[in-house]
Amino acid sequence: GAGVSQSPSNKVTEKGKDVELRCDPISGHTALYWYRQSLGQGLEFLIYFQGNSAPDKSGLPSDRFSAERTGGSVSTLTIQRTQQEDSAVYLCASSLFGGSNQPQHFGDGTRLSIL
Amino acid sequence: AQTVTQSQPEMSVQEAETVTLSCTYDTSESDYYLFWYKQPPSRQMILVIRQEAYKQQNATENRFSVNFQKAAKSFSLKISDSQLGDAAMYFCAYRSATSGTYKYIFGTGTRLKVLA
């Protein structure tokens, strides 16, 4: 079956531009997570969705970052006025429910490079 | 705040041998979950093994097993009979069991090389 799909795979953009990253979770998965992975670092939690609501957005690093989820399915992570420190791999994961006994299924990520 | 530390940036193991990857964590909570994830060069993270803190028995999944020492806040991963396909980045992760908590905290990872 289809796994978590992220697009684009790679994105290069100029500093100051806005970018949108997309995540298509596994069908039927109600929980969705966004993470950021900088070079040589572990995964940094950004935001968690349960359905269309985000009960935990504590990891968003600044107000330039926002995310939404529609129809309990596709999610977009938007970064406004990008900065060079935003360069990283952005990973999305989904699970059937939000409970920690549910394994997360990860996408391949979007590699974002800010020039 | 909880933290997860992986002190070995890189490890090597000969094919068919056994290797242990270290992970320590810091928390004031008594109930939580610990995970090991594998990230091969393809970038897709895969769950290797999961441990509930309230369980004393160490989790095992085929060639993968953990040594969970709750008092020492240590959670190491042992890979037996290492295979070339085990080469990857391995991340240790923590999640609180407190209701309404969804955040996973990851370590910085250990790169495992498997030598033929």
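Predicted, not measured: the structure shown is a model, and the values here were computed from it. Below, chains carry the letters A, B, ... as their sequence lines are ordered, and counting in each starts from 1.
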* Asked: Would one find more than 12 heavy atoms of other residues, nucleotides or ligands at under 6.0 Å from atom NZ of B/Lys78?
  -> no
* Asked: Got more than 12 heavy atoms from elsewhere within 6.0 Å of CG, A/Leu39?
  -> no
* Between B/Phe68 and B/Phe106, is there a shared hydrophobic cluster once you connect ILVMFWY residues whose side-chain heavy atoms come closer than 4.5 Å? -> no
* Region of B/Phe91 that comes under 4.5 Å of a non-hydrogen atom in chain A -> side chain
* Taking the side chain as every heavy atom from C-beta outward, state whether B/Met45 and A/Tyr35 have any pair of such atoms under 4.5 Å apart. => no
* **Plane angle bin for A/Tyr33 and B/Tyr104 - parallel if under 30°, tilted between 30 and 60°, otherwise perpendicular** => perpendicular
* **Side chain, backbone, both or neither of B/Tyr32 within contact of chain A (heavy atoms, under 4.5 Å)** => neither
* Asked: Mind checking whether B/Met11 and B/Phe75 sit in one hydrophobic cluster, side chains of I, L, V, M, F, W, Y counted as touching below 4.5 Å?
  -> yes
* Checking B/Gln39 against chain A: side chain, backbone, both or neither under 4.5 Å from a heavy atom? -> side chain
* Quick one: what part of A/Gln50 sits under 4.5 Å from any heavy atom of chain B, side chain, backbone, both or neither? -> neither
* Structure fact -> The reported gap from OG1 in B/Thr108 to CD in A/Gln37 (rounded to nearest 0.5 angstrom) is 10.5 Å
* Asked: What do you reckon, is CZ of B/Arg111 surrounded by more than 12 foreign heavy atoms closer than 6.0 Å?
  -> no
* Contact class of A/Leu46 relative to chain B, heavy atoms under 4.5 angstrom -> neither
* Asked: More than 12 foreign heavy atoms under 6.0 Å from NZ of A/Lys57: is that the case here?
  -> no
